[in-house]
Structures are given as structure tokens and as C-alpha cells.
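Here's the structure, in C-alpha cells; my notes come after.
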Amino acid sequence: MKRLVKIIIPSILILLLIYIWKDGKDILNGIYIAFPIIFIISGLICSDLKTELLISFLLLSISFLVPINLLFNMGTCVDLIIIYNVLGCISYFIKSKLKK
């Protein structure tokens, strides 16, 4: 149950922030500040198992791409997702190195 919460909570947080910021220009703060931080924190939280990390990043990517493309018509944000995932992987590897 604890693993499931670690995997799902960041995705729910992204969906909640997108819903809150859907009416204004605050979504840009989310895209460039809040969402990368959520990916980094997810990389730190899921540093126990690689499968948790992959599932978490997959859910985070889907919870970012689908609403952003549907609500804001921003086109594909695949380049942002790649950057976010790289940041999350860096935080994962840093924490796993410090853990040893």
C-alpha cells in the first residue's frame, strides 16, 4: 500500500495543479517550476526500486501530457517530458549513490 501511494500521489498532484491553474497563466509556473520539482521529488521518493521509478515516471508523463494537450492545446510537450524524466533520473541516481 505504501508503494502504491508513493507512485500515485505525484501524478494526482500534477493533475490537481493543472486543474487549479487551468484558467490563468499560472500554468507556465507549473510547467517551468512546479512540475520539474515534482519529477525530482518522485525520483527521490522512488529510489528503492527501478520498477517503482519507471511506473511513477510513466504515470507522471501521462498525467502531464494528456491534460496539457487537451486543455491548453500546447501541442506536444514531449521535449519537456524528456527533460523532466532526465531530472528525475538524475535525482534517483544521486540518492542511490548517497545511499551506498
Side-chain angles (χ1 to χ4, degrees):
M1 184 67 176
K2 191 175 179 182
R3 286 184 189 174
L4 186 65
V5 171
K6 288 193 307 187
I7 293 171
I8 293 177
I9 291 296
S11 300
I12 293 172
L13 183 61
I14 282 184
L15 289 173
L16 180 67
L17 289 175
I18 289 174
Y19 180 75
I20 290 171
W21 291 333
K22 71 179 179 181
D23 293 331
K25 302 230 181 229
D26 293 331
I27 193 65
L28 293 176
N29 292 334
I31 288 173
Y32 295 113
I33 298 170
F35 300 151
I37 291 172
I38 292 172
F39 271 82
I40 290 170
I41 291 172
S42 181
L44 293 173
I45 290 173
C46 296
S47 66
D48 298 333
L49 295 172
K50 288 183 184 178
T51 55
E52 284 180 8
L53 182 74
L54 293 175
I55 293 170
S56 176
F57 283 170
L58 180 68
L59 286 175
L60 282 169
S61 299
I62 291 170
S63 66
F64 174 75
L65 281 175
V66 172
I68 290 295
N69 287 333
L70 291 177
L71 293 176
F72 298 103
N73 297 325
M74 294 182 78
T76 59
C77 295
V78 175
D79 52 344
L80 291 173
I81 289 296
I82 292 170
I83 293 169
Y84 296 165
N85 284 319
V86 167
L87 288 173
C89 287
I90 290 170
S91 66
Y92 167 79
F93 287 122
I94 288 174
K95 185 169 181 189
S96 66
K97 292 293 181 186
L98 291 176
K99 214 176 198 184
K100 291 180 181 181

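Residues: numbered from 1 along the sequence shown.
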Please examine the side chains of [Y] and [X], heavy atoms only from C-beta on, and report whether any two atoms are closer than 4.5 Å.
X	Y	result
I41	P10	no
I27	L71	no
Y19	P67	no

Closest non-hydrogen atom pair, [X] against [Y]:
X	Y	answer
C46	K6	SG-O, 4.1 Å
S11	S56	OG-O, 4.4 Å
S63	L15	O-CD2, 3.5 Å
C77	N69	N-OD1, 4.4 Å

From [atom1] ([X]) to [atom2] ([Y]), nearest 0.5 Å:
X	Y	atom1	atom2	value
L59	I12	CG	CD1	9.5 Å
K95	I45	NZ	CD1	8.0 Å
L54	E52	CG	CD	10.5 Å
I14	L60	CD1	CG	4.5 Å
W21	L16	CH2	CG	9.5 Å
I81	N85	CD1	CG	6.0 Å

Going hydrophobic residue to hydrophobic residue with side-chain gaps under 4.5 angstrom, can you get from [X] over to [Y]?
X	Y	answer
F72	L17	yes
L44	L49	no
F35	L80	yes
L13	L4	no
L65	I18	yes

Contacts of Y84 that satisfy ring pair (Phe, Tyr, Trp, His ring centres under 6.0 Å) - sequence neighbours left out: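 Result, ring pair (Phe, Tyr, Trp, His ring centres under 6.0 Å) vs Y84: F39, F64.
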S96 (side chain) donor-acceptor with F93 (main chain) under 3.5 angstrom: yes
Main-chain N/O of I38 paired to S42 side chain as donor or acceptor, under 3.5 Å: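 Looks like no, no N/O pair under 3.5 Å.
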Contact list for residues 26-39, test side-chain hydrogen bond (donor to acceptor under 3.5 Å, both in side chains), sequence neighbours left out: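 For residues 26-39: none.
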